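To start, the structure under review is shown below, and the notes come after it.
All values derive from a computational prediction rather than experimental measurement. Side-chain atoms are counted along with the backbone in the values below, which use heavy atoms only and exclude waters and symmetry mates.
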Amino acid sequence: MIKYRKQNPLEPEKDAEVTVNLTPLLFFAVGFVAVRALIRTVKRS
């Protein structure tokens with residue numbers, strides 16, 4: 001997870017925080033690579 005926080009000392013009500021969760025993207029990438037490797041293995045045999 002990546003967090004970015006921007007603080008404004010003069011106007012604290014304008015503080016901003018952005019959170020990006022990369023876990024679903026990681027699971028998708030690993031699954032995609034695994035399925036692609038499996039398909040290539042099946043095609044070769």
Side-chain angles (χ1 to χ4, degrees):
M1 187 172 351
I2 297 174
K3 286 186 179 182
Y4 172 75
R5 187 170 185 169
K6 184 177 179 183
Q7 293 179 324
N8 187 344
L10 298 177
E11 299 177 60
E13 67 274 0
K14 289 188 176 180
D15 287 1
E17 184 172 325
V18 176
T19 304
V20 178
N21 191 359
L22 297 177
T23 306
L25 182 62
L26 178 67
F27 280 118
F28 174 76
V30 170
F32 178 77
V33 170
V35 169
R36 198 172 77 179
L38 182 65
I39 290 172
R40 286 186 179 180
T41 304
V42 170
K43 280 186 177 180
R44 286 185 183 177
S45 58

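- A continuous path of hydrophobic side-chain contacts links Val18 to Ile2 [ILVMFWY only; heavy atoms under 4.5 Å].
- For the pair Thr23/Met1, no side-chain contact is recorded, criterion being any heavy-atom separation below 4.5 Å from C-beta on.
- The side-chain heavy atoms of Asn21 and Thr19, taken from C-beta on, include no pair separated by under 4.5 Å.
- A distance of 11.5 Å separates CZ of Arg36 from OG1 of Thr41, quoted to the nearest 0.5 Å.
- For the atom pair CG of Asp15 and CG of Asn8, the computed distance is 7.0 Å after rounding to the nearest 0.5 Å.
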